[in-house]
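Here the structure comes first, spelled out in C-alpha cells, and everything after it is commentary.
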Protein chains: 2
Amino acid sequence: MAITIRDVAKEAGVSAATVSRVLNNSGYAHEDTRKAVLDAIHKLNYKPNEVARSLFKQKSKLIGLILPDITNPFFPALARGVEDQLREEGYRLIIGNSDEHLEQEIDYLDTFIQHNVVGIIASVNEAHSDMLKNLNIPVVLLDRTIESLPAVYADQFEGGKLAARKIVELGCKEITIIRGPVEVKPVYERFVSSFQTLRQAGVKINVFDSKLSFQGASNSVKTLFDKYPNTNGILACNDIVAVAVMNEAQRTGRRIPEDVQIIGFDDISICEIVYPGLSTIRQPAYEMGAKAAEIIIKKVKQEVLPNIHCKLPVQFVERESTRKVGD
Amino acid sequence: MAITIRDVAKEAGVSAATVSRVLNNSGYAHEDTRKAVLDAIHKLNYKPNEVARSLFKQKSKLIGLILPDITNPFFPALARGVEDQLREEGYRLIIGNSDEHLEQEIDYLDTFIQHNVVGIIASVNEAHSDMLKNLNIPVVLLDRTIESLPAVYADQFEGGKLAARKIVELGCKEITIIRGPVEVKPVYERFVSSFQTLRQAGVKINVFDSKLSFQGASNSVKTLFDKYPNTNGILACNDIVAVAVMNEAQRTGRRIPEDVQIIGFDDISICEIVYPGLSTIRQPAYEMGAKAAEIIIKKVKQEVLPNIHCKLPVQFVERESTRKVGD
DNA sequence: GTGAAAGCGCTAACAT
DNA sequence: ATGTTAGCGCTTTCAC
C-alpha cells in the first residue's frame, strides 16, 4: 500500500537497516550511500510510518492534552501555546475535553497510554489528580495544578491581590467579589487573595457566587445588583463572568466605570472588543501552554528536572471598565 | 513493561490468539475460556496496545482534524461536536491548527497519515484543498468546503439572505455590509447573498472590509463610522466583527439599536453576554462538527456513501442589537 | 474451539 | 560501512 522502508531500500540498492540509519542519523553510512538513500526517499516521497516506529521504540511522537473545555476561550489559548511549541519539535497533540468529569479524564488518559503518548499535559481539579501520579510517563499540569506534580501556572495570589489593590486605589468603597466554584483551585486562590487584600484595606466586601461558563455566568449574575445595589466595584473570577456583569450593570442602567468599575481575570480576546473595554488581570495563557510543552519535551528527552513548578507573572491590563474616581 | 496480550494469555492459561479472539469477538471461543480470559483481563487491568493494533491492521482509532485557528471561538464549537461524537465510537482526535497556511496544513496531513489516522476532517480554503483529494482515506470537509469532496456546512446563502431581509424589515435604510476576506468561501457566500438581497430591496448599500480575528476586527472597524456616519444597519461577517462594531458604535455615541442595528453571524457564546445582546444568524456549529464525525465514521466503516454534501439550516436569533423601528 | 506461526514497518544488536 | 536477524504487541490464517 504505502511506501515502506523496504521500497526505499530496494530503490537505493541497500538494506532496510541502512535506510533506517540515514533516516535517524544513527550509526555509520558512507556519504555516497547516504546520498543514494536520500535520493530514493525523495524520489518515492517516503514518509516513515510513525506507528511502526512507535511500536518498536515504545514511544511515539504524540503528547496527550486534557483540558476541561475547549469551548471556554481561556483554554484554546493554552492549547495553541502547547501546540505551536510542540510542533517545532515534531510532536503532535491528541486532545481531550474532560468537562471536569473524572470518568472522561480517566478514559482519555487510558487511551493516551494505549497510543504510546510520551507525555501528558493536563488541567484537572485536585480531586481528580490521583491517577496522574502513577503514570510512568512525564506529566505536566497546566493552570490547574497540585503540589506533587510538575506544573505551569500563573501567579493567582498576585493576581487576586493586584485586582483588589487596583479596585481600592480606583476609589471603590463597596466591592463585590464574584467567587467561582471553589473546586477550581486557581479560581479559588484568586478569590482568597482578593478577599484578604480587600479585608486589609478596610472596604466593604460582598461575596457573590457564579459559574464560570458563558451560560452559567449569564444566569448566575442576574441577581447581582438586586442583592448589592450599591456596589461600585466588582472583581470577577474570570473575564466571561466580568462581561456578563457588565451586561447586567448596563441593563440596570449603571454606567461603567462611573457607577461601577469592573475588573476581570484572564485577559481573553473578548476583553478588547467589548464596550467598554474590560480591565483585567492578564494570565499569559499562550506562554503558559508553550512553557508546559517545553518542559514536557525536556522530560521526554530524559533531561531529568526536579519537580518543577513554573509560576508565570500576571499583570493588570487597564482598559475602560475602570477609571480612577475624579479623573 | 506494560501488560501485554501474552500476560493475559498466561494468566488465563490460553494462547494469545484466543485472547485476541475474545477481545475482538472474532472467531470461536468456548464460553468457559471466554470467561477465563475476561477474568484475566480484568484482574491484570489489561488494555490492548493500540499502536500494535494499528500497525497490524493498517488502521488506527485516530481521526485527524485540521482547523484554521482554535482561538477563534467558532472552531472550538465545531471541534467539540466532532470530539464528542467520535468519543462515543472509541475514536480519538489529533488536532492541528493551520493558521490558514498551506504549509502547515500539508505538514499536519503528512503526520496524520504517518500515524495511520483512518479519516480526516478539515476546514481549509479552496486553494489549499488539492492534497486532500489524493488521500486514500475518507475526508470530510467542515464549514469551509469544496464541491468535489464530502462536506458538512451551514447554509450560507440562506444566512446571508436572512440577515439582509431582517435588517430591511427592521426598517434600516442605509445598510453597511462588512465583508470578510474573500478567500474564505462561507464568509464570501454570505456576503454575496446579503448583497444581492439588499440590492433587490432597493436600500442604500455600503461595503466595508474587515479581518475576521479579534485583533484584526478591532482595527479594521475603527474607521467604519467615519466612512459611513449615517449607516443605520450593519451586517457583520461574523460575531467577532459584530461585537467590534458594537464597540465602535457605542464609542462614537451611537445607541444600539436606536441609532444603528447590528446583526452578526455564527452565534458564538459571546453574543449572549455582551450588552446589548447581539442578534445574529446562528450556524449550528456543534451539530456541524457532530455530523462531520458521524459521516467520517460511516465512511471508515466502509459504508460507502455518495459524495455527500450535508447542508445544515441557519436561523435568525433575535437579541437586543436589533429592534423594529417604531416598536 | 484453540494454538502455532507469520507478519504489519520499523530499529538495534550483532555479524561481517 | 553495511546486511542479517530478531522482535516491539497485536491479529489472522491455517493446522489440529
Side-chain angles (χ1 to χ4, degrees), chain A residues 1-38 40-41 44-62 90 110-111 113-118 136-137, chain B residues 1-38 40-41 44-62 90 110-111 113-118 136-137:
Chain A
M1 187 114 279
I3 297 119
T4 77
I5 200 169
R6 263 172 258 276
D7 299 321
V8 177
K10 195 181 294 177
E11 176 72 25
V14 297
S15 75
T18 302
V19 176
S20 175
R21 270 185 221 111
V22 336
L23 221 46
N24 299 284
N25 275 313
S26 60
Y28 304 88
H30 191 82
E31 188 54 28
D32 294 350
T33 23
R34 225 186 99 76
K35 279 229 172 63
V37 169
L38 257 16
I41 288 175
L44 301 178
N45 188 28
Y46 166 72
K47 300 265 165 43
N49 182 326
E50 279 300 329
V51 176
R53 271 190 171 163
S54 171
L55 178 60
F56 180 87
K57 294 216 190 173
Q58 308 278 49
K59 46 171 64 180
S60 67
K61 290 293 246 177
L62 260 17
D110 278 344
T111 64
I113 299 295
Q114 293 184 64
H115 283 96
N116 271 4
V117 302
V118 282
N136 49 5
I137 54 170
Chain B
M1 186 110 283
I3 298 118
T4 77
I5 199 169
R6 263 173 261 274
D7 300 321
V8 177
K10 196 182 294 174
E11 177 72 27
V14 297
S15 76
T18 301
V19 177
S20 175
R21 275 191 286 264
V22 338
L23 220 47
N24 299 284
N25 276 313
S26 60
Y28 304 90
H30 192 82
E31 189 53 29
D32 294 350
T33 23
R34 225 186 97 77
K35 279 232 172 60
V37 169
L38 257 16
I41 288 175
L44 302 178
N45 189 29
Y46 166 71
K47 301 265 165 43
N49 182 327
E50 278 301 329
V51 176
R53 271 191 171 164
S54 171
L55 178 59
F56 181 86
K57 295 216 193 171
Q58 306 280 53
K59 48 172 62 179
S60 67
K61 291 294 245 175
L62 261 17
D110 278 344
T111 66
I113 299 294
Q114 293 184 63
H115 284 97
N116 270 6
V117 302
V118 282
N136 48 5
I137 54 171

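Letters go in sequence order (proteins before strands), and every chain restarts at 1.
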Just the rounded figure in Å: distance from C1' of D:dC8 to CZ of B:Arg53.
16 Å
Under the side chain to side chain contact (heavy atoms under 4.5 Å, CB included) test, residues paired with A:Leu38 that sit two or more places apart
A:Val22, A:Arg34, A:Ile41
Take atom NZ of B:Lys59 and atom P of D:dG9, then tell me their distance rounded to the nearest Å.
24 Å
B:Phe56 atom CZ is separated from D:dC10 atom P, nearest whole Å, by 13 Å
By side chain to side chain donor-acceptor pair (under 3.5 Å), which residues pair with B:Asn116, not counting sequence neighbours?
B:Ser54
Per B:Thr18 side chain, nearest of listed nucleotides D:dC10, C:dC10, C:dG3:
C:dG3
Residues in contact with DNA chain C, drawn from residues 5-17 of chain B - heavy-atom cutoff 4.0 Å:
B:Val14, B:Ser15, B:Ala17
Listed by chain and number, what are the side chain to side chain contact (heavy atoms under 4.5 Å, CB included) partners of A:Lys59, not counting sequence neighbours?
A:Lys57, A:Val118, A:Gln302
Contacts of type salt bridge (Lys or Arg N to Asp or Glu O under 4.0 Å), residue B:Arg21, not counting sequence neighbours:
none
Between D:dC10, C:dG9, C:dT11, spot the one nearest the side chain of B:Leu55, thanks.
C:dG9
Distance, rounded to the nearest Å, where B:His115 contributes NE2 and C:dG9 contributes C1'
14 Å
How would you label the contact of B:Ser20 with the nucleic acid (heavy atoms, under 4.0 Å): base, sugar-phosphate, or nothing?
base
Figure out the NZ/C1' separation between A:Lys61 and C:dC10, and round it to whole Å.
15 Å
Tell me whether the side-chain N/O atoms of A:Arg21 come closer than 4.0 Å to OP1 or OP2 in D:dA1.
no
Could you list the residues that satisfy salt bridge (Lys or Arg N to Asp or Glu O under 4.0 Å) with B:Asp110, not counting sequence neighbours?
A:Lys47
A:Ile137 vs A:Val117 side-chain heavy atoms within contact, under 4.5 Å:
yes
Nearest atoms (heavy-atom pairs only) where A:Leu23 meets A:Tyr46
CD2-CE2, 3.7 Å
Considering residues at least two apart in sequence or located in another chain, which fulfil the side chain to side chain contact (heavy atoms under 4.5 Å, CB included) criterion with A:Thr111?
A:Tyr108, A:Gln114, A:His115, B:Arg92
Separation of atom NZ in A:Lys47 from atom P in C:dC10, rounded to whole Å
13 Å
Respond yes when some side-chain nitrogen or oxygen of A:Gln58 is under 4.0 Å from OP1 or OP2 of C:dT11, and no when none is.
no
Side chain to side chain donor-acceptor pair (under 3.5 Å) involving B:Ser15 - partner list, sequence neighbours excluded
B:Thr18
Using a strict heavy-atom distance below 4.0 Å, which residues from residues 24-34 of chain A are in contact with DNA chain D?
A:Tyr28, A:Ala29, A:His30, A:Thr33
Applying salt bridge (Lys or Arg N to Asp or Glu O under 4.0 Å) as the test, list every pair that has at least one member in residues 6-16 of chain B; sequence neighbours left out.
B:Glu11-B:Lys43
To the nearest angstrom, the NZ-C1' distance between B:Lys57 and C:dG9 comes to 18 Å
Report the distance from atom CD of A:Gln114 to atom C1' of D:dC8, rounded to the nearest whole Å.
17 Å
Which angle, rounded to 10°, do you find between the first-five-pair axis and the last-five-pair axis of the helix from C:dG1-D:dC16 to C:dT16-D:dA1?
50°
For B:Ser20, check side chain to side chain donor-acceptor pair (under 3.5 Å) against everything at least two apart and list the hits.
B:Asn24
Walk me through whether A:Asn49 and A:Thr4 qualify under side-chain contact (heavy atoms from CB on, under 4.5 Å).
CA-CA 8 Å; A:Asn49 182 326; A:Thr4 77; over 6 Å; no
